[in-house]
Amino acid sequence: LAVALLGQVLAQEDPAYGFCMDQEGEPPWERLDYAGVSQHHTEAECLNKTEGWWCPLRNETAEYTYIDPKTQNEVKKMYYVYSPCCSRATIAMLKIGEEGYPTCKDFTPRANCAYHNWAEKLTNDLLKDTYDLSITPGTPETFYNKTDYKCVCDASDPRCVRRSNDGKTCLVCETSSQCGPDAVYVAMHFFKVHTINLRTSELSLSVWLRQKWYDPRLKYHPQCYGGIKMIGVQAKSGSLSESRIWTPDLELYNNEKPLWGGFSSRLANIHACTMVNGSDCGRVYWSVPGIIKALCKYKGLASFPYDQLSCELELASWATEGRVQDLHFNKKDDGITWVDDPNKVDTTGGITAGSTYQDIAIKGISARRMVTVYDEESERDVPWPTLLYNIEFRRSGGWYESKLVWPMVALTFLSFAAFWISPEMGERLV
């Protein structure tokens, strides 16, 4: 009611205030809540002749150019800049300043709003009582037709690497096909080798675990919040008390210490919706540093000290299937970065980062995506995406040659010296 009354007062004083929201959600910005320019320029016309509603903000307009998907022609369309602030989802939270712009508090000039005022309003609006961080976010397409997203392989598919006992079901398949419309993109920056214990088969790595996903409940527009294009919100997996937003269900299967709840709380960056880059709408980027502790089946020990060890890390969801939460490697870097990678000389990530541990160094890291199903009648169509990281280590042979190999060779030759002494000397070393 206060918003409507203030809008009427502003509209009477200045015709630059107010516009009709009868063109909301039209292509090409149906996801962004923008509204096209209306033919009705008064509140009475808007309410009486349309099914829209009146927005009491400044009616500033801008032009958007896009390619029509049907005709492939360039199309220009005018829209109201502040229309997202008056969408069905946001108009109840709208605060209007005396100058007709969105503001951080009622009847407060926008110029008097500091960054912390805007940030406080933004977080309160996004994380209101209706936001449940225990619920996995999803799009309307989450419950899809199985033919749209087919990532489960047939038993005859050459990509199938493991089949059921009867040979009729593919249990493990190497594929990059989507399992559903809602994906979490995962990347791991290997900061430093922490510990390698061949006796206990343990491997500890200092990593930056990076995850990116979309949560439609967290979309907002910068023009409604003082131009803030990104905001950090506290997040932690496995904790309802230390996290303010939903975080992906991700676990290290061959763990010595679980990932879930194992990393400390860190800020997750929520990106704003913009007309320039609509794909950022509701995007969350979360980078968490921590120690991964894995149990490995080390390979290559028989060639000591010239061995090249390898260990696999198996990452997958623990309780959320792939149709609801798909898993993929980050597209930009294929899910892998490390400082000494010879194929990516521009890799950055910590001045003190390194890939060596005592006499062992990382030789290479590769990754592949598998999709697993369980051999039960009711589970054979339920995909479980799995991300496998294979880490290869090389040992510094020079140290072992100087400290172990060559001394043993020298002692072996010296042991035969007694047999080279002439018998005429009378005595020989035994």
Side-chain angles (χ1 to χ4, degrees), residues 1-11 17-25 29-36 38 43 46-47 51-60 79-133 135 137 139 214-235 243-246 268-275 278 280-284:
L1 180 60
V3 171
L5 293 175
L6 179 59
Q8 292 177 3
V9 172
L10 294 174
Y17 294 101
F19 53 88
C20 186
M21 292 283 293
D22 62 330
Q23 305 292 323
E24 186 210 24
W29 46 67
E30 58 270 11
R31 287 183 62 246
L32 302 181
D33 298 326
Y34 285 95
S38 175
E43 184 176 5
C46 178
L47 299 180
E51 296 181 357
W53 59 97
W54 188 253
C55 178
L57 295 175
R58 282 189 173 269
N59 52 27
E60 295 179 11
Y79 65 94
Y80 292 115
V81 174
Y82 294 102
S83 54
C85 311
C86 289
S87 69
R88 298 178 189 273
T90 60
I91 192 169
M93 300 176 287
L94 178 63
K95 306 293 183 183
I96 308 176
E98 295 178 355
E99 68 276 26
Y101 292 106
T103 187
C104 58
K105 297 179 181 180
D106 283 328
F107 307 106
T108 300
R110 185 173 62 167
N112 294 344
C113 293
Y115 174 84
H116 68 273
N117 299 126
W118 284 115
E120 182 180 4
K121 180 180 185 332
L122 175 56
T123 53
N124 289 337
D125 289 352
L126 291 179
L127 306 176
K128 48 187 179 294
D129 295 337
T130 56
Y131 184 90
D132 190 341
L133 59 87
I135 302 299
T139 63
Y214 290 90
D215 191 336
R217 300 171 295 181
L218 299 177
K219 68 177 185 177
Y220 74 95
H221 298 77
Q223 61 267 43
C224 308
Y225 295 95
I228 297 177
K229 294 183 178 180
M230 183 179 69
I231 189 168
V233 177
Q234 187 176 9
S243 183
R244 301 194 67 185
I245 61 172
W246 176 88
N269 293 326
I270 303 174
H271 293 259
C273 304
T274 63
M275 188 64 80
D280 278 351
C281 196
R283 180 167 69 92
V284 183

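Quick note: numbers below take in every heavy atom, side chains included, and nothing from hydrogens, waters or symmetry partners.
- Side chain of Tyr80 to backbone of Cys55: no donor-acceptor contact under 3.5 angstrom is found.
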Would you check, one step at a time, whether the test disulfide (SG to SG under 2.5 Å) holds for Cys46 with Cys20?
CA-CA 6 Å; Cys46 178; Cys20 186; 2.2 Å; yes
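- Annotation: ring pair (Phe, Tyr, Trp, His ring centres under 6.0 Å) contacts of Tyr214 (sequence neighbours excluded): none.
- The closest side-chain heavy-atom distance from Leu57 to Val81 is not below 4.5 Å.
- Considering Leu126, Ile245, Ile135, Leu127 in turn, Ile135 is the only one that fulfils the side-chain contact (heavy atoms from CB on, under 4.5 Å) rule with Arg217.
- A search for side-chain hydrogen bond (donor to acceptor under 3.5 Å, both in side chains) contacts involving Tyr34 returns Gln223, not counting sequence neighbours.
- Side-chain atoms of Ile96 and Pro102, non-hydrogen and from C-beta on, never get closer than 4.5 Å to each other.
- You'll find the side chain of Asn269 stays beyond 4.5 Å of the side chain of Ile231, heavy atoms only.
- Annotation: the span from Asp280 atom CG to Ile270 atom CD1 amounts to 12.5 Å, rounded to 0.5 Å.
- Counting heavy atoms from C-beta on, the side chains of Pro222 and Thr274 come closer than 4.5 Å.
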Run the numbers on Ile228 and Leu122 for side-chain contact (heavy atoms from CB on, under 4.5 Å), then give the verdict.
CA-CA 9 Å; Ile228 297 177; Leu122 175 56; 4.3 Å; yes
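- When atom types are taken as modelled, the side chain of Ser83 and the backbone of Ala35 share a donor-acceptor pair closer than 3.5 angstrom.
- Going from atom CD of Glu51 over to atom CD of Glu24 covers 12.5 Å, rounded to the nearest 0.5 Å.
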Test Cys224 against Thr90 for side-chain contact (heavy atoms from CB on, under 4.5 Å), laying out the working first.
CA-CA 9 Å; Cys224 308; Thr90 60; 6.0 Å; no
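- Closest approach of Leu47 and Gly52 over heavy atoms only: CD2-O, 4.2 Å.
- SG atoms of Cys113 and Cys104 are separated by less than 2.5 angstrom, consistent with a disulfide link.
- Considering only heavy atoms from C-beta on, Leu32 stays 4.5 Å or farther from Pro84 through its side chain.
- A donor-acceptor contact shorter than 3.5 Å links the side chain of Asn59 to the backbone of Gly18.
- In this structure, Lys95 and Lys105 have side chains that are not in contact, with every pair of non-hydrogen atoms separated by 4.5 Å or more.
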Begin with the C-alpha distance, continue with both residues' side-chain angles, and end with the deciding distance and a verdict on side-chain contact (heavy atoms from CB on, under 4.5 Å) for Tyr131 and Leu218.
CA-CA 9 Å; Tyr131 184 90; Leu218 299 177; 3.7 Å; yes
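- Annotation: Lys128, atom NZ; neighbour count of heavy atoms from other residues, nucleotides and ligands within 6.0 Å is above 12.
- With respect to Asp33 and Arg88, no salt bridge is recorded, no charged nitrogen being found less than 4.0 Å from a carboxylate O.
- Separation of the Tyr82 and Tyr101 ring centroids falls under the 6.0 Å cut-off.
- With 2.5 angstrom as the limit on SG-SG distance, Cys273 and Cys281 come in below it.
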The test is side-chain contact (heavy atoms from CB on, under 4.5 Å); show your working for His221 and Cys85 and say whether it passes.
CA-CA 8 Å; His221 298 77; Cys85 311; 5.7 Å; no
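- With respect to Arg58 and Glu99, no salt bridge is recorded, no charged nitrogen being found less than 4.0 Å from a carboxylate O.
- For the pair Asp22 and Trp53, the minimum side-chain heavy-atom distance is 4.5 Å or more.
- Residues in residues 116-126 take part in these side-chain hydrogen bond (donor to acceptor under 3.5 Å, both in side chains) pairs, two or more places apart or across chains: Lys121-Asp125, Asp125-Tyr225.
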